[in-house]
Structures are given as structure tokens and as C-alpha cells.
Protein chains: 2
Amino acid sequence: MSKTKIKAKEASTEERIKEAARKLFTQKGFAATRTRDIADEAGINLALLNYYFRSKQKLFDIIMIENFRGLMGLMTGHFRDEQLTMEDKIAKMVGTYIDFISKNPDLPLFVLSELQGNPSAIAARINQEFMPARTQLFKELQESNREGKTALEPFHFVANLIGLTIFPFIARPILQRTTQTTDEQFAAFMQERRTLVPMWIRMMMKPPGK
Amino acid sequence: MSKTKIKAKEASTEERIKEAARKLFTQKGFAATRTRDIADEAGINLALLNYYFRSKQKLFDIIMIENFRGLMGLMTGHFRDEQLTMEDKIAKMVGTYIDFISKNPDLPLFVLSELQGNPSAIAARINQEFMPARTQLFKELQESNREGKTALEPFHFVANLIGLTIFPFIARPILQRTTQTTDEQFAAFMQERRTLVPMWIRMMMKPPGK
DNA sequence: TATTTTTTTAATCATTTGATTAAAATGTTT
DNA sequence: AAACATTTTAATCAAATGATTAAAAAAATA
């Protein structure tokens, strides 16, 4: 099998299957997604799916890893940049997340759901990729805390930063009903949060009485 | 069929099935849960499940409604109490949520997942139950905002309050890995948040320059 | 106790679903 | 064009799964 020679065609079909799979898996989760639906969505024969990916599970794992990388990459990316101040990093991250998830609204809940109760090699494996960025961020935070410039445990920092940014997307159905908000208003609120969340985080980090 | 006479026995088996269903549905979601597994977990014959509940879907709907009520009730409950100040209400709510979800950690993600893309009569129907409490809370908030005592839109308020409280549970797998936290430490952090979150919310509500 | 009603079970259906197979279609190389 | 390799399809399998049925067991009633 000469991979290179058939690359063009192969990539095309393979990609169409993957995109269909990404759409359905992300929307409905692993268990609720039928391989037949993926095939239909991709406009190909069911057997082709197995020809390219062997099994539903294998296809899913690929999608899962890519999705997860997409989400986490946004976070770690900005933290490598030595030029930026912590405040800049936070602002960039929040903005990037809001933009990205606005375009992929089902992604966060999908990742969180499928990770739930899945000790899985995936989680562990992916986690390692982000080890460096994470440790750097935490060093900065702990350093800053030690100097007395801030007072917020890394755990709370991460929980608050991610929570305030992506939770509204996750809880969107309930949230919109609860607050009787239209889709446009929701979008507007999320734009507001682009500046609000960094401001709130700043407040939370400030040491008491300073 | 004389309902009342057989109540005792009926309730017992019915309840066992419901509890098994609640456990599995909440853990793995609708699609991934097999009726056979529910039957096994309940220690009954598969046919009995259909005898009592007609179908998987009907059983699920019952569980879903109860779960959702359990979650939402915590919120609305405290908001009816006219005696409490807004600060008290917030503190009580956060505390109650943290306690409750600590005991039912899978519940939030389950509810959010299954509500996703489910326009379903359930969502609408349940929502109505909480209408009164909600409108009252919002009146209070808007009143307070108008008076200049606070400055936080109801949408942001709800998103932040719920987000800061329950998001850590939802993202627990990722969060614990990211911050390299043991189960004990996680529990401890959540206890810290019992006082931290109300404090943060207070800060967020404060009008600028006041 | 006999009869009727309610609860429970074993066996079985009919679909759905993930996967395979054998062959056809398409593309590539010589 | 012939021979070979790759891609795609239709048909089919086997297992899983939600649901039903007919009959047994247990409980309630007369």
C-alpha cells in the first residue's frame, strides 16, 4: 500500500467521515450516535467508515482527542508567551475561549461528558501534553502569591477562570430560559463577559485589604 | 385494579427500579444505559421494568424530572424566604448546593447533558414550576440595581453564582488532574468555596467606585 | 379454601446496530 | 491495454437491545 500516491483521495473521504463524526459525536455523544448516521451525514457507505477507521470506538477516540486538544490548546497557548503579563494572558484566554466556543457551542459539554467516568488512556495521555504550560502557569501564580501580589490558589483560579468563561455555554439552555434571554441577547452577554470576566478575576486575585 | 390496597408492595419494587434507574441514568446517560442493567441493578426481571414503567423513555422522564427538581429546588427554595437578606440567600444557596452535589456528584452534568438539544416538554414544563421564585429573585435584583446598591445583570448574576458553585463538580476530572489535587484536597477546596463564592459574588455585585 | 387479582418470570420477538465479506468500480502502473 | 492495487458498494451477520407474551407464583378477596 503506497500511502503517498493515494493521499489526495484518501484524505478527502477520510476527512468527510471525520467531519461527519465530529458533528454527530459532539452533538449527541458516543452512545447516542449511530455509525449509520455518520455514514449518511458523510454521504458514504457504512462499510467505508470501518474500512478507514476500523471501528466506531477508534473513530471516536480520534475525534475526542482532537476536540480536547482544540479546547485545551486555547488555554495553554497563551501561557507560553513570556512577553505577556498575567493580566494580558487572562484577557486573551477569555476572549479566545468565548470566540472559539461561540463557533463550537457543543464542544465543552461533550468533552466534559465523555471524560466523566472515563479513566481512559486518552485523558491521561492528553494531560501530559499540557504539563509544561500548566506547570509554568502554576509557578507564576504561586510565585505571585508568595510575593503577596495576589492571593488565590491555583485550583480556585483555574476553576473560576474556566467556569466563568465556559459554564454559560454549558448551561445555556437552562440559563436562557431562566433569564428569558433571546439568542441575540445571549451572544451580547457573552461579549460583555469578555471584559467582565477578566475584571472579576482580577478582583478575586487581589489580596484582602490591598 | 385497586391501587390503594397494593400500595405498599408496589412502592417497594417500583422504588427499587427507580433507584437503580436513577443511579445508572445519572451515571451514564440515557443512551448508554441498558434496561437490562437497570433490571440487574434492581435485582428484578427485565419484564417487570416495562410492567411498571411501560418503556425506557417513560422511566427516564420520571427520573429526569425528579433529578432536575432536586437541583433547581435548592436554588428556588431559599429565594422564597422573605426574612433573609440577599447576602444570606446567596450564602445559603451556595452552601446547600455544595452539600447536595457533594453527595450526588454526577447529577449536574447529567441534567445539563440530557437537556442539551432536548427542547422536550420536560424542560418547558419544569421551568414553569420555578417561574415564581425566579421572577421574585429578578425583581429584587433589578430593584437593587435601580437603586444603585448593586450593579450586576440578572443573567451574569445567575451564571456566576451557579457557575462558580457547580462548575468545579462538572469539570472535576479535568480540574483535579490540572491542579494535581487529591480527592481530599478537592473536598477541602469545595469547602473553602462555601465562603469564597459568596464573597466573590458580593464583590461582583458592588457598583464600581463604591 | 376457592376464586380472583396482582406481581413476577422465562421465553421469545422484532429492530437496531456495529461490523464483515465478497464483489464491483475506480484508479494506477507497466 | 493488461495486470495490479485501491476504493466503494450491496448484502449479510451476529450480537445487543427494547419490548411483549403467555404462563407461573404470590397475594388478596370472597
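All of these numbers come straight from a predicted model, not from anything done at the bench. Protein chains get the first letters and strands the later ones, always in sequence-line order, with residue 1 at the start of each.
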Query raised in the report: OP1 or OP2 of dT8(C) less than 4.0 angstrom from a side-chain nitrogen or oxygen of T13(B), does that happen here?
Result: yes
Requested in this report: Give a yes-or-no answer on whether the side chains of N145(A) and E153(A) include a donor-acceptor pair shorter than 3.5 Å.
Outcome: no
Requested in this report: Take the protein atom CZ of F53(B) and the nucleotide atom P of dT7(C), then report the distance between them rounded to whole Å.
Outcome: 13 Å
Report task. Give the intermediate values and the outcome of salt bridge (charged side-chain N to carboxylate O under 4.0 Å, His left out) for residues E66(B) and R69(B). Result -> CA-CA 5 Å; E66(B) 289 187 7; R69(B) 276 212 189 109; over 6 Å; no
Report summary line: Per atom distances to the A47(A) side chain, the nearest of dA10(D), dT8(C), dT7(D) is dA10(D)
Query - 5' precedence on DNA chain D between L48(A) and N45(B) (nearest-nucleotide basis) - result: L48(A)
Query raised in the report: Can you name the residues that form a side-chain hydrogen bond (donor to acceptor under 3.5 Å, both in side chains) with T96(A), not counting sequence neighbours?
Result: H78(A)
Requested in this report: Verify the ring-centre separation between F60(B) and F25(B): is it less than 6.0 angstrom?
Outcome: yes
Report summary line: Taken to the nearest whole Å, CG/D61(B) to C1'/dG18(D) is 15 Å
Sort me out a list of protein N/O and nucleotides 14-18 of chain C N/O pairs below 3.5 Å, or just none if empty.
| from | atom 1 | to | atom 2 | distance (Å) |
| --- | --- | --- | --- | --- |
| dT17(C) | OP1 | R34(A) | NE | 3.0 |
| dT17(C) | OP1 | R34(A) | NH1 | 3.4 |
| dG18(C) | OP1 | T33(A) | O | 3.4 |
| dG18(C) | OP1 | K56(A) | NZ | 3.1 |
| dG18(C) | OP2 | T35(A) | N | 2.8 |
| dG18(C) | OP2 | T35(A) | OG1 | 2.8 |
| dG18(C) | N7 | R36(A) | NH1 | 2.7 |
| dG18(C) | O6 | R36(A) | NH2 | 3.1 |

Requested in this report: Measure from CD on Q57(A) to P on dA16(D) and round the result to the nearest Å.
Outcome: 16 Å
Query raised in the report: Is there a side-chain polar atom (N or O) of Y51(A) under 4.0 Å from OP1 or OP2 of dT6(D)?
Result: no
Query - Verdict with supporting geometry, R22(B) and E19(B), salt bridge (charged side-chain N to carboxylate O under 4.0 Å, His left out) - result: CA-CA 5 Å; R22(B) 184 188 323 281; E19(B) 277 321 303; 3.1 Å; yes
Query raised in the report: Is there any salt bridge (charged side-chain N to carboxylate O under 4.0 Å, His left out) pair reaching into residues 94-110 of chain B, and which pairs are they, with sequence neighbours excluded?
Result: D99(B)-R194(B)
Query - Atom pair distance, as rounded to whole Å: CZ in F60(B) and C1' in dT17(D) - result: 17 Å
**Report entry** Between dT21(C) (C1') and R54(A) (CZ): distance, integer Å
**Finding:** 14 Å
Report task. Rounded off to whole Å, could you give me the CG-to-P distance for the L49(B) and dT20(D) pair? Result -> 11 Å
**Report entry** Nearest heavy-atom neighbours spanning F138(A) and T178(B)
**Finding:** CE2-O, 3.3 Å
Query raised in the report: CD1 of I44(A) versus P of dT26(C): gap in Å, rounded?
Result: 17 Å
